[in-house]
Asks: 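The structure under discussion is supplied below as structure tokens; questions concerning it will follow.
Values below: every heavy atom of this structure, side chains too, minus hydrogens, waters and symmetry copies. Throughout, a chain's letter reflects where its sequence line sits, starting with A, and its residues are numbered from 1.
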Amino acid sequence: MVGKRASGSPDGKRSPLRCQPRGLRWDTSSASHFTGCLNLHTKTQQCKHCCFTAGLASKMVVAIRADLAQDLNALPDRPIEQRVEIVGATNEPMTVKLVPNYADDPLACGPRYIHDDFRCSWATHLGLFSSGVLLLGINDGTKLTYNLNTSRLTRAFKVHGQLGKATDTFFWNGKTMERSTYSHVTREKIDRVVAHMQSSHQKTIYEMTGLHLESQTLYDLASKGPIRPSDNKLPVLYGIKCVHYKPPDFTLEIQSVNEYDKYFWALVHDLGVQLKTTAHCTAVQCLRQGRFDVNLALLRKHWQLEHIVDNMNACRIIMEEFEGVLKPDARLTA
Amino acid sequence: MFSRVLKDTSFSRYICRYVQNKNASIIQQYKVPNNIGSDTEANALQKVDKDLSGLTPYYPKSFNLAGYVNTSETLQKLIQLNVNLSQIEKKPHLAEKILKLNFERDVQGHIFFLKDYVDIEEIGSFITKNPLILTELLDDLRVRINYLESKCFSETQIKRIITENPFWLMFSTTRIDRRFGFYQEKFILKGKDVRLLATKQPKLITYNLHHVNTNIFALKEEMGFNQEELKQLVLKKPKLYMLGHKTLLERFNYVHNEMQIPHHRILEDPEVLLSRNFRIKQRHLFLSRLGRAQYNPKKENYVPVKSLVEGTDIEFCKQYAKCNVADYNLFLKTL
């Protein structure tokens, strides 16, 4: 019962029932920026493109394919093919005719472009409840997204959290498990805990190289830029910073590799515990992946051929300009 | 897609492996000498002086109707009428029925009949949506139209009903009558209202009644509209009863519980429940961020609820949010 009227109220007004106290509604379905790295290889043209999105990637892929097929089909069609017919009695001179080939009519053979003409793949997953940048490859671009995935680009996130409540999923949509006070938490305390998390991650990544911590080799390695993990298993955070704190809400800005949405939820939960209170995550936003940032992103309403092609060109320019975007100089750990 | 269409075989018509298609007598004559083993040596390369243009190979097996289009006059005429065969063939049982049709025998009469009620340009899409209309008896169709006339529907109303809902004519008069009764009883409508409803949204009359019942329950018990309001809703936006039950509830929940729009205001602008939720959400959040989310007409800076679903984003930003659409897009990226 969502909005059941309060039947007993004398003036006949509805009680403003709020059945589902929903958290801060960073809902994925609405937050839909879509940029991505698409390389669209169609029958008539070859182009590359980048786009990003939020929400359920597989649903998004369905939408993108449908939009592309629809928009390409709406373009002026080529003329219908002709076909040669030889008619007349066989024992007399026969006539050769050129007639339109009805089988080539889109009404008979179906639309020129269908969903299956567009293969799609995303470079990295973005969780169901996250929003922001998502790189998507179309057709030949799927190779590109594979390269983007294996090059382990750092992603920048904004993670929103709230103090005072712990949930079973560590996210706002979970069941409340515990409530606590948070008046003792200050900005400085959050900064301290967060800095500690960052340093422990830095230490781990140096240890992962297998080199002696005081050796010249490790110094040389580290001087080339951030060391990235070679596999996609271990989440590594390169920087965590609290950028906004207004009790009980806070926002962290995180640069990381190999992270996933639930890792951030747990991180916020841990932060709460270390602050001697409780916390849950209210939203995860991806702001940037490598050189592709949210300014380039295509909003859900812009998932149209025209914008997608523009976006592909923009992304191609970025990839040409920064050749290292696919092959960062810094080493991978063993 | 095109590459999948089987190539037409008219070229190979004269080559070899002749199979009699239309003119059985020719092949009979042709084969006879071979069978009795006469002294003239009969083989496939033998020169024949007869007219063999009637001989054609079997139709090759095809997985779509396009394979038969070039040889079938009926299918060609249907294409000329703008019937989308590629849509029809998605349901194989329909494709089979279409293939068996003969234009002059089965199709012509129906088209002459339909053209009185459906615009000429619309006939193609009408048959695309409901190809089975061609298999109905013309007399039945006439009876169904007569039924509408007997219920005092005007000519323009009947035209609209048939054009908007190609499946209407498939329903027997008793079924339609029962359905009119259902709506009349459920919403306590007068005869005039039933006619208005049937004209406004003819699809609702032939819609799945279980679905409609579920939505009536949702609107009445779960959302708290009363009987009179249900009637207003059905006459204003009959489509509400055709929406998915869950989406409807989700939209109402957001509009009523999050945006605090009371029932009577939803009743004034029921289209707010017809828009996808993310659209309302985005615009509402933007207005709240600007401090303009004020939906009460009795206070200053009033923004109509309708504005959340109507018009393009550019119009919305200019008229109600009073800002540039670029700012709105930037805001959407922060969600």
Asks: What is the distance from atom NZ of A:Lys301 to atom CG of B:Asn329, rounded to the nearest 0.5 Å?
Replies: 3.5 Å
Asks: Just checking B:Gln80: does its CD atom have more than 12 heavy atoms from other residues, nucleotides or ligands closer to it than 6.0 angstrom?
Replies: yes
Asks: Indicate yes or no for a side-chain donor-acceptor contact from B:Gln76 to the backbone of A:Tyr102 under 3.5 Å, with no hydrogens or angles considered.
Replies: no
Asks: Would you say the side-chain atoms of B:Lys333 pair up with the backbone N or O of A:Leu299, donor to acceptor, closer than 3.5 Å?
Replies: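 No; judged by distance alone, with no hydrogens or angles, the pair does not exist.
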Asks: What distance do B:Leu81 atom CG and A:Leu107 atom CG have between them, rounded to the nearest 0.5 Å?
Replies: 10.5 Å
Asks: For B:Ala66 versus A:Ala108, what's the shortest heavy-atom pair and its separation?
Replies: CB-O, 3.7 Å
Asks: Could you have a look at B:Thr128, B:Leu78, B:Ile79 and say which one has the most heavy-atom pairs with chain A under 4.5 angstrom?
Replies: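 That would be B:Ile79.
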Asks: Look at the side chain of A:Thr90 and the backbone N and O of B:Leu52, then say whether any donor-acceptor pair between them is shorter than 3.5 Å.
Replies: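 Side chain of A:Thr90 to backbone of B:Leu52, a donor-acceptor pair under 3.5 Å: yes, one is there.
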Asks: In Å and rounded to the nearest 0.5 Å, what is the NE2 to CG distance from A:His302 to B:Leu332?
Replies: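 Here the interatomic distance stands at 9.0 Å.
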Asks: Looking at CD1 of A:Ile114 and OG of B:Ser86, how far apart are the two atoms once the value is rounded to the nearest 0.5 Å?
Replies: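 Answer rounded to 0.5 Å: 10.5 Å.
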Asks: Rounded to the nearest 0.5 Å, how far apart are CG of B:Asp49 and CG of A:Asn91?
Replies: 7.0 Å
Asks: How far apart are the closest heavy atoms of B:Val69 and A:Ala103, and which atoms are they?
Replies: CG1-N, 4.0 Å
Asks: Enter the distance from A:Asp105:CG to B:Leu75:CG here, rounded to the nearest 0.5 Å.
Replies: 12.0 Å
